[in-house]
Amino acid sequence: MDGSNASTGDAPPAVSLRLTTLTKRSDFLRASRAKRVAMPGFIVQMRVRPEGEAEGIRVGFTCSKKVGNAVARNRAKRRLREIARLVLSEAGRDGADYVLIGRQGATATLPFDQMLADLRRALAVLHGPRK
RNA sequence: GCGGAAGGCUGGAUGACCGCGGUCGCCGGGGCAACCCGAAGGUCGAGGAAAGUCCGGACUCCAGGAAGAUACGGUGCCGGGUAACACCCGGGCGGGGCAACCCGACGGACAGCGCCACAGAAAUGAAACCGCCGGUCGCGAAAGGUCGGGCAACCGAAACCACGCGGCAGGUAAGGGUGAAACGGUGGGGUAAGAGCCCACCGCGCCGCUGGCAACAGGGGCGGCACGGCAAGCCCCACCGGGAGCAAUGCCAAAUAGGGACCGCGCGCGCCGCCGCAAGGCGGGGCAGGGCCGCUUCUGCCCCAGCAGGUCCGGGUUGGCAGCUACAGCCGCGCAGGCAACUGCGCGGUCAGAGGAAUGGUCAUCGAUGGGGGCAACCCCGGGACAGAAUCCGGCUUACAGGCCUUCCGCGCGU
RNA sequence: GCGGGUAUGGUGAAAAGGUAUCACGAAAGCUUCCCAAGCUUCAGUUGAGGGUUCGAUUCCCUCUACCCGCU
């Protein structure tokens, strides 16, 4: 943590902890059977993958038609993506899949600071019981 | 000034930090491979409806091609515009409004079939029914006329007139509480009663004429009227249309299979070349025949002695690339033609291309406008409608806070 | 995204353009000592809005909701 390290060492950790996005339906289905925590603005699901399935932290976003029309769904997903980018890259656990689910109304309207805090508390709950 | 009509434009602004997708990227890296990824920096990054998917195309694949017939579907006043349209422009006709202007699926009901409930005499060939009218026959007779008697009041007779009832044979379509709709309407004449029976006006139909490319309009003559509505019921007429859709489709890589079953047709004639002594063999093309559009015609291709045609069945990978965005372009300006839609020419500009799908997060300043307080200056609070590209264009339809501009109409006031 | 379809009492279905019908169920009543069965009654904006027609569940447009197929 001296000066020489700080000048070059900003980017590499961010790259190694890069978030990849879930794309396959089967991944979502597996995550939906794992642990979940509900918060006012969203629901988080977390599944710890077996060894060798994939690398790094993976995250998926879901907003059903219940959230609203296309504008409302897109806005909810963007906010979820933003809090995931800010929180999971520092507090996420390697080797886990996270799925964030948008909720009607709240996901788009809650203050952004509260959303960040809620995600940290949700991660604490999910990570906590495990030793 | 108030109220209204038509058309067009706009659809929060600026900045800072942190992010996302495309593209250009010295160079570096990943994958068996096709291919892909990446740092700094540059650059681009939602809409007028991106929506609904209601029409029309482009493009791709499928079906041998073309034309026609049939079937099915669509369009429907006329003319023009366009790649095309159910769109747009202009015109006609009908309806609404004092007007500006707006609205209209607006061909045909003497080609045919069908339907018109209830009510009503009757629902479309028209006639029947009630009623009205005179004739005739029968019956009646209190009162009137008539006849007889009587000065008169009155009495009597008869059934000729008028009257009432009924029968018969006729004349009528004026009227008939309905109904959405009733074989024209109003007025006058006429008649036994009536009727386009006759006349005037209106309506309707037919035939010329004039204007117009046409839809249609104007005016003239004739017909006395025969012609109900529904075609967003079948239908007729004119015109148009093959089917499926970018999750279409093409290419590449790896892996597996390197297939199976069935159907259909057929082994006829003759020609040319080569090899051969010959028998014959090989190759080519021809006729007949057969196969390939559901039908017909024309035409083409294939088979012609076996290999071609058709149908069905089966396994694996969900990998990569293309299609993918710039030209029937679009936008701005100018000129020309046109009433206009639009067209032609010139100059300039170039406009998102993802693939579980980018265009975001936070903050600051301003801000159309709204609410509250205050005499006011001002202060506080909230703060932008509908809505997110997915192959691309041209339209239509639906949703939409507010703001700006232009033109026009009516009323009031002033000059 | 592209392409199809459906909507009628609570549920499932009918209905030549002319009074919206049937079955099950719910509720109320009659019957019974009580229950069951039976009988009677009740409840529809025909998804919404326009149009055609004298009249629309039906015919024609526009919208809404739901369902299905295609990688």
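Labels below follow one simple rule: chain letters A, B, ... track the order of the sequence lines, proteins then strands, and each chain is numbered from 1.
The distance from atom CG of A/Leu116 to atom P of B/rC363 is 11 Å, rounded to the nearest whole Å. Following rounding to the nearest Å, A/Arg73 (CZ) and B/rG360 (P) show an atom-to-atom distance of 17 Å. Rounded to an integer number of Å, the gap from CG of A/Leu86 to C1' of B/rG360 is 11 Å. One atom, CD1 of A/Ile101, and another, P of B/rG356, lie 19 Å apart when rounded to the nearest Å. Put simply, NZ on A/Lys77 is 15 Å from C1' on B/rG21, counting in whole angstrom units. Rounded to whole Å, atom P of B/rG361 lies 16 Å from atom CZ of A/Phe42. In this structure, A/Leu80 places its CG atom 17 Å from P of B/rC20, rounding to the nearest Å. For the pair A/Asn74 CG and B/rG47 P, the computed distance is 15 Å after rounding to whole Å.
Remark: the separation of the C1' atoms in B/rA49 and B/rU398 is 9 Å, to the nearest Å. Here the separation of B/rG30 from B/rU53, taken at their P atoms, is 49 Å to the nearest Å. Comparing the C1' positions of B/rA232 and B/rG74 gives a spacing of 14 Å, expressed to the nearest Å. Nucleotides C/rA23 and C/rU8, compared at atom C1', are 15 Å apart to the nearest Å. Taking the C1' atom of each, C/rA27 and C/rC42 are spaced 8 Å apart, rounded to whole Å. Comparing the same atom, C1', in B/rA66 and in B/rG91 gives a spacing of 41 Å after rounding to whole Å. The same atom, P, is picked in B/rA83 and in B/rA385; the two are 41 Å apart, to the nearest Å. Separation of the C1' atoms belonging to B/rC378 and B/rC400 is 36 Å when rounded to the nearest angstrom.
Contact between the side-chain N/O atoms of A/Arg75 and the OP1/OP2 oxygens of B/rA387 is not found at any separation under 4.0 Å. Between A/Arg78 and B/rC20 there is no side-chain N or O to OP1 or OP2 distance below 4.0 Å.
Taking 90° from 0 as the syn/anti boundary, the base of C/rG51 is oriented anti. Base orientation of B/rG177: syn (glycosidic angle within 90° of 0). Classification of B/rG208 as syn follows from a glycosidic angle within 90° of 0. Annotated as syn: B/rA326, whose O4'-C1'-N torsion sits within 90° of 0. Under the 90° criterion around 0 for the glycosidic angle, B/rA100 counts as anti.
The partner of B/rC251 is B/rG320, by the rule that a Watson-Crick or G-U pair needs both atom distances under 3.5 Å. When Watson-Crick and G-U wobble pairs are counted only if both distances are under 3.5 Å, B/rG48 pairs with no nucleotide at all. Here B/rG276 sits opposite no nucleotide as a Watson-Crick or G-U wobble pair (both hydrogen-bonding atom distances under 3.5 Å). When both distances must be under 3.5 Å, the Watson-Crick or G-U wobble mate of B/rA368 does not exist. In this structure, B/rU210 and B/rA217 make a Watson-Crick or G-U wobble pair, each of the two defining distances being under 3.5 angstrom. Under the Watson-Crick and G-U wobble criteria, each requiring two contacts below 3.5 Å, nucleotide B/rU350 is paired to B/rG329. When Watson-Crick and G-U wobble pairs are counted only if both distances are under 3.5 Å, B/rC147 pairs with B/rG156. Base pairing of B/rU362 is made with B/rA16, judged by Watson-Crick or G-U wobble geometry with both donor-acceptor distances under 3.5 Å.
Comparing B/rG388, B/rA357, B/rG361 by their nearest atom to the side chain of A/Glu82 picks out B/rG361. For A/Arg79, the side-chain atoms get nearest to B/rU362 when compared with the rest of B/rG388, B/rU362, B/rG19.
Between A/Leu88 and A/Ile83, every side-chain heavy-atom pair lies at or beyond the 4.5 Å cut-off. Residues A/Val44 and A/Leu119 are in side-chain contact: their nearest non-hydrogen atoms beyond the backbone lie under 4.5 Å apart.
Comparing A/Phe61 and A/Ala72, the nucleotide of RNA chain B nearest to each residue sits closer to the 5' end for A/Phe61. Each of A/Leu110 and A/Arg81 has a nearest nucleotide on RNA chain B; the 5'-most of these lies closest to A/Arg81.
Salt-bridge formation is detected for the pair A/Arg85/A/Glu82: a Lys NZ or Arg NE/NH1/NH2 atom is positioned less than 4.0 Å from an Asp or Glu carboxylate oxygen.
Within the model, atoms OG1 of A/Thr62 and CZ of A/Arg73 stand 12.0 Å from one another, a figure rounded to the nearest 0.5 Å. For the atom pair CG (A/Asp118) and CZ (A/Phe42), the distance works out to 5.0 Å, reported to the nearest 0.5 Å.
A/Phe61 carries A/Arg81 over the face of its six-membered ring, with the cationic atom under 6.0 Å from the centre and within 45° of the normal.
Put simply, the side chain of A/Arg79 gets close to the backbone of A/Leu110: a donor and an acceptor are under 3.5 Å apart. In this structure, the side chain of A/Arg103 engages the main chain of A/Met39 through a donor-acceptor pair within 3.5 Å. A/Tyr98 places no side-chain N or O within 3.5 Å of a backbone atom of A/Arg47 that could act as its donor or acceptor partner. For A/Lys35 (side chain) and A/Gln45 (main-chain N/O), no donor-acceptor pair under 3.5 Å exists by modelled atom type.
Stem analysis of RNA chain C (Watson-Crick or G-U pairs, both distances under 3.5 Å, runs of at least three) returns C:1-7 with C:64-70, C:10-13 with C:21-24, C:27-30 with C:38-41, C:47-51 with C:59-63.
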